[in-house]
Amino acid sequence: MKGKIFKTAIAVAMTASVIGVQAPGNAQAAEGDFELTIMHTNDTHANLDQVAKRAGIVNDIRSKKPNNLLLDAGDVFSGTLYFNTFQGQADAEMMNLMGYDAMTFGNHEFDLGASDGHEALDEFMFASDFPFVSANVDFSQNPFIQDYQNAEYTRVFEDGEVYNGIIKEIDGEEVGIFGLTTEETVDISSPGDVAFSNYIEAAEEAVAAFEAEGVDKIIALTHIGFNDSAKYDNDLTLAAEVPGIDVIVGGHTHTKVTPPVVVENGDPIVIVQANEYGKFLGQLDVTFNDAGVITSHTGTLHDVAATQLTPDAEVAAALKPYSDEIAAIKTQPTGAESKVALNGGRSQTPGDGVGVRSSETNLGNLITDGMLAKAKTVDAETVIAVQNGGGIRASIDAGPITYGEVLTTLPFGNSLAIMDLTGAELKTALEHSVSEYPNELGSFLHVAGMKFTFDPTKAAGSRVTSVSVNEGGTFTALDTAKNYKVATNTFVAAGGDGYTSFGAAYKDGRVSEPGFTDFDMFVDHITSLTEVNPTVEGRITIGASEEPAEMPFTDVDAEGWAYPYIKDLFERGIINGTTETTFSPKQELPRWQAVTLMVRTLKLPTENAPKSKFTDIGNLPPERQAEINAAYAAGLIKGATDTKFNPNAKISRDHFALIMNRMYEKDNGEYKYTTVAPFKDISKLDAETKKAITMLYDFKIVQGYENNYMPAKLTSREETAKVFSLYLPYAAK
């Protein structure tokens, strides 16, 4: 905890004025124009991997611009494993080494309040070698920070304490810096006993207080958003409503403001913001005249990752113990274990229906379910979530899920946004999602809380044939005139991936940005589940009818282990019943049925396939004969003899493994392995069969029975459904 003796000493020295007077009065103003360089960051969200490069840029600017400030506009907290592990301590040490002059609070600085009453924020402040400014945040009821809040504008300030504003002397000139934090924090974070007042009133008071002391160069360090919802607060409105501010250094909306935006309100007000995640270091060079009016300015956003400047060695060395620990954590399990492979891969051929950029997948469903669950904790009216397929970068194998796997799958750290959309705007977005199907696009949307059907034979822009929304547990048709709360990530919400209808809502101020990174939401969701076993369940249907066909099989137990696999293949049109209402799950699989499943899974063309050499398939329906011909031409099957296929012979488990291996190698090349699967009963099998069984074992598709594979055992239809369903994600690789 901070040393209260320092706070007491300062308090005794203060007068009744809102301006601290320990230090000498106004310094003699320099003659002529005054040049000031403001370096700024915002919404870094504990992204520290490039921080030594950022420090190198700071060093270079300081060597050239002696009159400088380094400011942060909030949201240092939440976003990466650095924060999850060190709760701001790593960030504080790096910021200290870079010599930050001041920081304001972002809404995410209050994320842990519900669990620890802001003890982590207090410890972050205690570790910080710079003051905090916020004119509209009241900590008076908080047991950790109340003793370190100074409701004043002062020339004398202590590191780690909070002030409405501070006055910095730079080359004989005084610069006032005050802070503002979005009132939306109450709705999108966990401030608890911390209160927020109106930002316009707080800003007017700040300007008046500085001007009363003769300070005519005033910086607002804000976390209210560049163009965020006018319902709460934003920088453009602040500039328009409060004259006297010279520079607004902003955050919250992750906006890449380049060049700086100027609002004329008597005198010019320059607004800057440096995007997000420490990707850029902002530099604003301004010139003030004798009256404290900006006469010229130049803004630059330095690309941190691309800089050729020398990284700061001290910062790099200080980061290493933290980064080493993070590297180790990435191999650690999240605590969740998936029962199935989670498909985040791409398709191999257009329209094959298994990639995240052109079809519903179990991983897309899992991610959107987590997004919707988190959004509902912020705004209970949220009923839908959408995720662009381009934001899903990798599959996750069945088994324990590690932090590293999650970061590989969701590497961008995109944050949650909640949009207020009309049904018409949502319909427009869905049309864009499928506009180029079957071609793969990163804009293809995965959904939760809704279902939709599209017909790819129709013209782009009129493909979506039906949409229904889950409201109160019942799916009802989308009402184009009604408004819906829809969760997504900030990239898509701002119009990314071509979502113009979303972008229009963003510009209208109909988007709330509570934060919460996709990584954290996903981990929170999977660790909350009793079992991670998502399926493809017909949220997105290609065809004329919205609803996938209901499974008509009366002999499949809806609570049984095989149900989700049979349902998955049935809804994909890969497997049928033995009659209209019977699936016959225990029936042993004949060779001709195995061929049908292979052809449908791989979408092999059967028309005009050259006739095979088999003379014993003539009694099969023409469609089945064509499938056998196509599979034979593709090298996927062999005959029992040169001329006999034996279509009704049953498939043993070793033969079944060979079938799956041939399917895989057709699209992916030879499967290579180093260690044979550890089944006791496969040692005498030939090398090709061992390889095939090992592939299924490595892919976690089969586990065996008491360390045995039982290769001669015949394969049942329910076992077949499981293997094909679990194989589909790997077919996408």
Side-chain angles (χ1 to χ4, degrees), residues 42-43 45 74-75 77-79 106-108 111 182-189 223-235 250-256 273 275-277 364 367-392 410 412-422 425-426 428-430 432-433 442-443 445-450 483-522 524-525:
N42 59 275
D43 300 279
H45 287 291
D75 271 8
F77 276 24
S78 296
N107 53 286
H108 280 284
D111 282 353
T182 178
E183 291 181 74
E184 191 181 12
T185 301
V186 174
D187 294 329
I188 61 178
S189 189
H223 195 88
I224 59 177
F226 175 70
N227 55 353
D228 203 16
S229 173
K231 174 183 176 181
Y232 292 101
D233 34 42
N234 66 61
D235 290 328
H252 187 47
T253 46
H254 298 221
T255 310
K256 189 178 180 181
Q273 192 175 147
N275 195 223
E276 62 186 6
Y277 309 148
I367 290 170
T368 50
D369 284 347
M371 182 186 293
L372 182 57
K374 178 61 73 174
K376 284 181 176 292
T377 67
V378 177
D379 187 339
E381 295 182 0
T382 310
V383 292
I384 297 166
V386 297
Q387 163 72 41
N388 58 319
I392 304 172
L410 299 169
F412 301 119
N414 285 322
S415 298
L416 177 66
I418 301 175
M419 306 177 289
D420 188 352
L421 303 174
T422 65
E425 288 172 324
L426 181 58
T428 297
L430 294 177
H432 176 64
S433 170
S443 55
L445 291 178
H446 299 263
V447 303
M450 66 178 292
N483 277 57
Y484 297 88
K485 294 290 183 71
V486 181
T488 188
N489 59 63
T490 50
F491 169 72
V492 172
D497 269 342
Y499 281 100
T500 55
S501 62
F502 294 168
Y506 191 91
K507 291 178 181 178
D508 288 346
R510 290 184 280 128
V511 177
S512 172
E513 298 185 38
F516 304 110
T517 61
D518 49 14
F519 167 87
D520 283 323
M521 288 188 290
F522 185 72
D524 286 348
H525 183 58

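Residue indices begin at 1 and follow the sequence shown. If you're wondering where the values come from, they're calculated on a predicted model, not measured in any experiment.
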Decide yes or no for [X] and [Y]: does some side-chain heavy atom of the first lie under 4.5 Å from some side-chain heavy atom of the second?
| X | Y | result |
| --- | --- | --- |
| Ile392 | Gln387 | yes |
| His252 | Asn42 | no |
| Leu421 | Tyr484 | no |
| Thr517 | Asn414 | no |
| Glu183 | Ile224 | no |
| Thr488 | Tyr499 | no |
| Asp75 | Asn107 | yes |
| Phe226 | Asn234 | no |

ask   = Under 3.5 Å, is there a donor-acceptor pair between the Asn489 and Asn388 side chains?
value = yes
ask   = Regarding Asp233 and Thr182, is there a side-chain donor-to-acceptor distance under 3.5 Å anywhere?
value = yes
If you round to the nearest 0.5 Å, how far is [atom2] of [Y] from [atom1] of [X]?
| X | Y | atom1 | atom2 | result |
| --- | --- | --- | --- | --- |
| Leu372 | Met521 | CG | CE | 10.5 Å |
| Thr382 | Met419 | OG1 | CE | 10.0 Å |
| Phe516 | Thr490 | CZ | OG1 | 13.5 Å |
| Lys376 | Met371 | NZ | CE | 14.0 Å |

request  = Run the numbers on Val386 and Thr368 for side chain to side chain contact (heavy atoms under 4.5 Å, CB included), then give the verdict.
outcome  = CA-CA 6 Å; Val386 297; Thr368 50; 5.8 Å; no
Might you point out which heavy atoms bring [X] and [Y] nearest each other, and give the distance in Å?
| X | Y | result |
| --- | --- | --- |
| Pro514 | Ala417 | CD-CA, 4.2 Å |
| Asp111 | Ser78 | OD2-OG, 2.7 Å |
| Leu430 | Met450 | CD1-CE, 3.4 Å |

query = Within the side chain of His432, is there an N or O that forms a donor-acceptor pair under 3.5 Å with the backbone of Asp497?
reply = yes
Expected output: side-chain Ser433 to main-chain Ala429 donor-acceptor under 3.5 Å = no
message = Between Lys374 and Asp524, does any NZ, NE, NH1 or NH2 come within less than 4.0 Å of an OD or OE carboxylate oxygen?
response = yes
message = Could you go through Thr253 and Gln273, starting from their C-alpha distance and side-chain angles, then the distance that decides it, and tell me whether this counts as side chain to side chain contact (heavy atoms under 4.5 Å, CB included)?
response = CA-CA 9 Å; Thr253 46; Gln273 192 175 147; 3.4 Å; yes
Name the atoms and distances for all side-chain donor-acceptor pairs under 3.5 Å in residues 500-509, with sequence neighbours left out.
from   : atom 1 : to     : atom 2 : distance (Å)
Ser501 : OG     : Glu425 : O      : 3.1
Tyr506 : OH     : Glu513 : OE2    : 2.9
Asp508 : OD2    : Arg510 : NH2    : 3.0

Reference residue Lys485; test side chain to side chain contact (heavy atoms under 4.5 Å, CB included); the match among Val383, Ile384, Asp379 = Asp379
request  = Dump the intermediate steps for side chain to side chain contact (heavy atoms under 4.5 Å, CB included) on Leu410 and Phe522, then the final yes or no.
outcome  = CA-CA 9 Å; Leu410 299 169; Phe522 185 72; 3.8 Å; yes
request  = Verify the ring-centre separation between Tyr277 and His254: is it less than 6.0 angstrom?
outcome  = yes
